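Here is the structure we will look at.
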Number of protein chains: 2
Amino acid sequence: MTQRLTHTEENYLKAIYKANEKTKSAVNTNTIAAYMNTSAASVTDMMKKLANKELIIYERYKGARLSPTGSKTATSVIRKHRLWETFLVQKLGFSWEEVHEIAEELEHINSDELITKLDEYLGFPKYDPHGDPIPSADGKFMLREQMILSQLNIAESGILVGVKNHETSFLSHLNKLNIALGSSILIKERSDFDKSLKVSVSEGADVVLTDMVAKNLLIRKS
Amino acid sequence: MTQRLTHTEENYLKAIYKANEKTKSAVNTNTIAAYMNTSAASVTDMMKKLANKELIIYERYKGARLSPTGSKTATSVIRKHRLWETFLVQKLGFSWEEVHEIAEELEHINSDELITKLDEYLGFPKYDPHGDPIPSADGKFMLREQMILSQLNIAESGILVGVKNHETSFLSHLNKLNIALGSSILIKERSDFDKSLKVSVSEGADVVLTDMVAKNLLIRKS
DNA sequence: ATATATTTTTAGACAAGACTAAAAATATTT
DNA sequence: AAATATTTTTAGTCTTGTCTAAAAATATAT
Ligand SMILES: [Mn+2]
Ligand SMILES: [Mn+2]
Ligand SMILES: [Mn+2]
Ligand SMILES: [Mn+2]
């Protein structure tokens, strides 16, 4: 008997889920406010509502964590988001930096049948266009061995499997550098001064990556 | 500078558009209330808001009609609705009676680029799975010569090009009778008593259609 | 341990979209 | 032309999701 939630409620649950992925412990009001780009007061209001609906466990001044139901809902919204992003890129020909905003709306369309059929139509993809794992219908994520590009040593190389930053500006920057999911990146030099890297992308010409960029690239060592 | 509208506002504009298609003159408060399944008071409230935003021309006690901007918006929502329905049937394998509810949500997704790409992906379809014309990006509809099945005489036949009723129960009824868009329907007998028809569908076995059904079938004489 | 700073909650308001009940305007009968 | 019926609007409330300003709780610094 899954209750019908508003877009806003779903977005709050997703925010708590994502914040909780990092911190592991209960999520602060201010953290959620930052994620949701709203005021702390609004967050407190919503926490009471979500707690009433038993979607979160919330204690005044202590923060919130998802209940099993809340967690299931959040995962389902993430699943929908990532399946739609995959559709937009693979079928409609969007570029990976264009799809997040649209998927933010599509993720709230309410139809299990639709998602089942979309998943099948896409061939049951396991990762979205940013390399993020797509949870299965029962909420399980495909785990993957991965590390951050900055952690590689000189002469080591990796395959890009994901990005930590999803902003359009960052993804467009990668486009310009000819870096995409699946690109092979070989470390050639590291500056002692600013940690910037000279790398070769897929055996092509050398390019320079700032540490800022390198920290946001997830690779599988190759 | 098209203002961003809520789902509700878009639905009201669509309701006025559809009601106006039939009556041609200004649309009554009660008519809109029936379309929107809401109270007359709520409609009056909304009429004031839409008039303020110059999406409709509204006069107290006289009813509403769409402004050029309102008409453009309504047409665009209908275009999105019908393109999504086409996607659901042609690409995801839904049946024609399953798609309306889902399209009611999808029609509010806000991205011109998305609709342009979806249209292209579907091969620029001119009619949706119910035979309704899909307006072009600039709001033009493909006109078509059509008539109601009931108007045919004995021994005449037609190709089903559309349905006037979109309810799931009606469409499922047609499924059972093996009637689909493109079916050829030949009139064999008409009852004087209740106007029910004996017809043969695509050269198959005879079936009986009540006048209620026949009135909702749009055909091209063949 | 006390003072100060930060975080979080409460209080009070507002806009959107809905409702019911009552009043006002318009339409239809007689 | 009245009387009656129907339609539409107004008035007053409610819920959701938001806000600002002030109060309360917790954390940090002295
Ligand atoms: Mn995204
Ligand atoms: Mn993504
Ligand atoms: Mn429809
Ligand atoms: Mn349709």
Side-chain angles (χ1 to χ4, degrees), chain A residues 2-16 19-20 22-23 25-66 70 73-74 77 104-105 107-108 110, chain B residues 2-16 19-20 22-23 25-66 70 73-74 77 104-105 107-108 110:
Chain A
T2 315
Q3 34 192 337
R4 235 210 117 110
L5 304 178
T6 64
H7 293 194
T8 310
E9 288 171 325
E10 289 189 345
N11 286 334
Y12 270 99
L13 292 175
K14 207 173 49 149
I16 297 170
N20 190 242
K22 306 205 167 142
T23 60
S25 58
V27 184
N28 298 330
T29 299
N30 264 351
T31 307
I32 300 169
Y35 264 88
M36 293 293 296
N37 200 25
T38 188
S39 71
S42 301
V43 173
T44 301
D45 289 347
M46 182 55 83
M47 293 305 102
K48 292 180 194 164
K49 288 169 197 162
L50 294 176
N52 264 339
K53 296 189 178 185
E54 304 196 322
L55 293 162
I56 64 171
I57 294 96
Y58 167 69
E59 227 181 319
R60 284 160 74 240
Y61 296 102
K62 295 279 179 70
R65 57 179 70 241
L66 294 171
T73 307
V77 175
E104 280 297 313
E105 296 190 43
E107 71 188 4
H108 302 293
N110 190 351
Chain B
T2 316
Q3 34 191 338
R4 235 209 116 110
L5 304 179
T6 64
H7 292 195
T8 310
E9 288 170 323
E10 289 189 344
N11 286 334
Y12 270 98
L13 293 175
K14 206 172 50 148
I16 296 170
N20 189 243
K22 308 208 167 141
T23 60
S25 59
V27 184
N28 298 330
T29 300
N30 264 351
T31 307
I32 299 170
Y35 264 88
M36 294 293 296
N37 199 24
T38 189
S39 70
S42 301
V43 173
T44 303
D45 289 347
M46 182 56 83
M47 292 306 102
K48 291 179 195 163
K49 288 169 196 162
L50 294 177
N52 264 338
K53 296 188 177 185
E54 305 196 322
L55 293 161
I56 63 171
I57 294 98
Y58 167 69
E59 225 181 320
R60 283 160 76 239
Y61 295 100
K62 296 278 179 73
R65 54 178 74 240
L66 294 171
T73 307
V77 175
E104 280 297 314
E105 297 191 42
E107 70 188 5
H108 302 293
N110 189 351

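Just so it is clear: chains get the letters A, B, ... in the order the sequence lines come, proteins before strands, and each one is counted from 1. If you're wondering where the values come from, they're calculated on a predicted model, not measured in any experiment.
- For the pair B:R60 CZ and C:dA24 C1', the computed distance is 9 Å after rounding to whole Å.
- At distances below 3.5 Å, not a single donor-acceptor pair connects side-chain atoms of A:E10 with backbone N or O atoms of A:L5.
- D:dT15 atom P lies 15 Å from atom CD of A:E9, rounded to whole Å.
- Nearest to the side chain of B:S42, among D:dG17, C:dT7, C:dC19, sits C:dC19.
- With D:dT9, C:dT9, D:dT16 as the candidates, the nucleotide lying closest to the side chain of A:Y58 is C:dT9.
- Side chain of B:N20 to backbone of B:S25: a donor-acceptor contact under 3.5 angstrom is found.
- Here B:S39 lies in heavy-atom contact (under 4.0 Å) with a base.
- Distance from the side chain of A:Y61 is smallest to D:dT26 among D:dG17, D:dT26, D:dT9.
- Place B:K53 and B:A41 on DNA chain C by their nearest nucleotides, and B:K53 ends up nearer the 5' end.
- Taking atom CE of B:M36 as the reference point, atom P of C:dG17 lies 10 Å away to the nearest angstrom.
- Residue contacts shown for B:T29 are limited to sugar-phosphate atoms, with no base heavy atom under 4.0 Å away.
- With C:dA18, D:dT18, D:dT16 as the choices, the nucleotide that has an atom nearest any side-chain atom of A:T38 turns out to be D:dT18.
- To the nearest 0.5 Å, atoms OG1 (B:T8) and CG (B:L13) are separated by 11.0 Å.
- In this entry the distance linking CG of B:L55 with P of C:dA16 reads 14 Å, nearest Å.
- The separation between B:E59 atom CD and C:dT26 atom C1' is 14 Å, rounded to whole Å.
- The residue A:D45 sits close to a base: some heavy atom pair falls under 4.0 Å.
- Rounded to a whole Å, the CG atom of B:N11 is 17 Å from the P atom of C:dA16.
- Each of A:K53, A:R4, A:K14 was evaluated against A:E9; a single residue qualifies, A:K53, per the salt bridge (charged side-chain N to carboxylate O under 4.0 Å, His left out) test.
- Taking CG of A:L66 as the reference point, atom CD1 of A:I16 lies at 5.5 Å (rounded to 0.5 Å).
- One interatomic measurement links the two molecules: CG of A:N28 to C1' of D:dT26, which rounds to 12 Å at whole-angstrom precision.
- B:K48 comes within 4.0 angstrom of the backbone, heavy atoms only, and of no base.
- Nucleotide C:dT9 holds its P atom 9 Å from the CG atom of A:N30, rounded to whole Å.
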